There are 2 protein chains.
Amino acid sequence: MNAPVTSRPDIMAALEDRGHRSTAPRRAIIRILEGKQEGFTAEEIGKELPDVGRATIFRTIKLLLEADAICKLNLINGAPRYSLSRVEHHHHTVCVRCGNVGEFRAATVERLMRAIGSDIPGKIVGHRIELYVTCRQCMTPDQPSRNSEGP
Amino acid sequence: MNAPVTSRPDIMAALEDRGHRSTAPRRAIIRILEGKQEGFTAEEIGKELPDVGRATIFRTIKLLLEADAICKLNLINGAPRYSLSRVEHHHHTVCVRCGNVGEFRAATVERLMRAIGSDIPGKIVGHRIELYVTCRQCMTPDQPSRNSEGP
DNA sequence: TGACAAATTGATACTAGGTATCATGAACGC
DNA sequence: GCGTTCATGATACCTAGTATCAATTTGTCA
């Protein structure tokens, strides 16, 4: 749980490889979200970078999604959230209390998809699996939850 | 593919059981969506019922979600879509071309969730699985697609 | 049947998340 | 250094959905 996960190759370089320019706003956004191991929203980025326009934040998020550098997922109430992609193909756990996002890979999932594929009319072209969890921090009582979904 | 699936108990009765009144707009909305085996959007309902206010449509959808009479899912591009719940707990297939929604149950899925649960920090409280497919109709060439997602 | 309280409705305004437009400004290849 | 092309921020707009509120409809009870 405390290994230096941040040995990911430069995200800005990945964008440049796809023909996009290295600009100050893009670098700033990437720097911010590299610090957010637990997922983020567009609004959060905007608050931390008040000089960067809202449109630019959404545009950059879109580029990062296209480059598979981040992925988009939904809280159980539908609120969108983004998360850095650390491993190639993976799925997410989302804490229903604090919104923290985790990743997991499971070979079983892929096997399952192939198995289900034969039962389903048509051809499977993709899948999305999200597990809603109560994370360790939120299970210990009277821990302030960062992003409560209570009434 | 042509069995009379509509032997579902009265949806309006389910709402009444939950303390809601049987009103003309609600009955109209339910009648419309009972005819939509393949999923629907709020906007579609609104177009078919121009005399029913937009707010009422969203309010009714919310009640139906709470009563588990319908469920909400997302197309691969994030566009929301609703679908009648035919079986108790199930997952969805969504055609990436025409948007048609199917349901499936798989005991394997539930077993998988329990298995994954032991590998994940925290407690699983729910899950969402969506399979993106190209459905039979859309696989046969030059079939007009109802709801294309192309560029 | 009629009256009444409570629930529901439609209109409207509003919010969140995201996209389109467009004139100005910055990158980068030479 | 310069010009083209890309990117930016401001702004307006869009879709999906919620809040407000006066007017209407329901269900109930006499």
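If you're wondering where the values come from, they're calculated on a predicted model, not measured in any experiment. Reminder, nothing fancy here: chain letters follow the sequence lines and each chain counts from 1.
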Sugar-phosphate only, base, or nothing, as touched by T41(B) at under 4.0 Å among non-hydrogen atoms: nothing

Hydrophobic cluster membership, I57(A) vs L63(A), 4.5 Å side-chain cutoff: yes

L75(B) CG to dA16(D) P, straight-line distance once rounded to whole Å: 10 Å

Spacing between I45(A) atom CD1 and dG17(C) atom P, to the nearest angstrom: 13 Å

Closest-nucleotide ordering on DNA chain D, the 5'-leading residue of E43(B) and P25(B): E43(B)

Closest to the R21(B) side chain, choosing from dT25(D), dA7(D), dT19(C): dT25(D)

Modelled atom types, side-chain donor and acceptor of R86(A) and Q37(A), under 3.5 Å: yes

Pair of N/O donor and acceptor under 3.5 Å linking dG17(D) base with R54(B) side chain: yes

Neighbour count >12 (heavy atoms, 6.0 Å) for atom NZ, K123(A): no

side-chain N/O T23(B) vs dT26(D) OP1/OP2, d < 4.0 Å: no

Protein-nucleotide distance (K47(A), atom NZ; dG17(C), atom P), rounded to Å: 10 Å

Separation of dT24(D) P from R26(B) CZ (nearest whole Å): 19 Å

Test side chain to side chain contact (heavy atoms under 4.5 Å, CB included) applied to L84(B) and V101(B), L64(B), L33(B), I30(B), the passing residue: L33(B)

Nucleotide dG18(C), atom C1' - distance to CD1 of I70(A) in whole Å: 14 Å

Nearest-nucleotide pick for H20(B), side chain only, options being dG27(D), dT8(C), dT8(D): dT8(C)

Nucleotide nearest R59(B) when distance is taken to its side chain, options dT8(D), dA11(C), dT19(C): dA11(C)

Whole angstrom value for the distance that separates C1' of dA13(C) from CZ of F58(B): 15 Å

N or O in side chain of K72(A) less than 4.0 angstrom from dG18(C) OP1/OP2: yes

Which nucleotide in dG9(D), dG27(D), dT19(C) has an atom nearest any side-chain atom of T56(A): dG9(D)

Presence of Y82(B) side-chain N/O under 4.0 Å of dA16(D) phosphate oxygens OP1/OP2: no

P80(B) side-chain proximity, nearest of dG18(C), dA20(C), dA16(D): dA16(D)

Derivation of the salt bridge (Lys or Arg N to Asp or Glu O under 4.0 Å) call for E44(B) and R81(B): CA-CA 10 Å; E44(B) 274 169 45; R81(B) 197 165 181 84; 3.7 Å; yes

Nearest-Å distance for atom pair CD1/P, residues I57(B) and dT12(C): 16 Å

Length of the CZ-P vector between R18(B) and dT8(C), whole Å: 13 Å

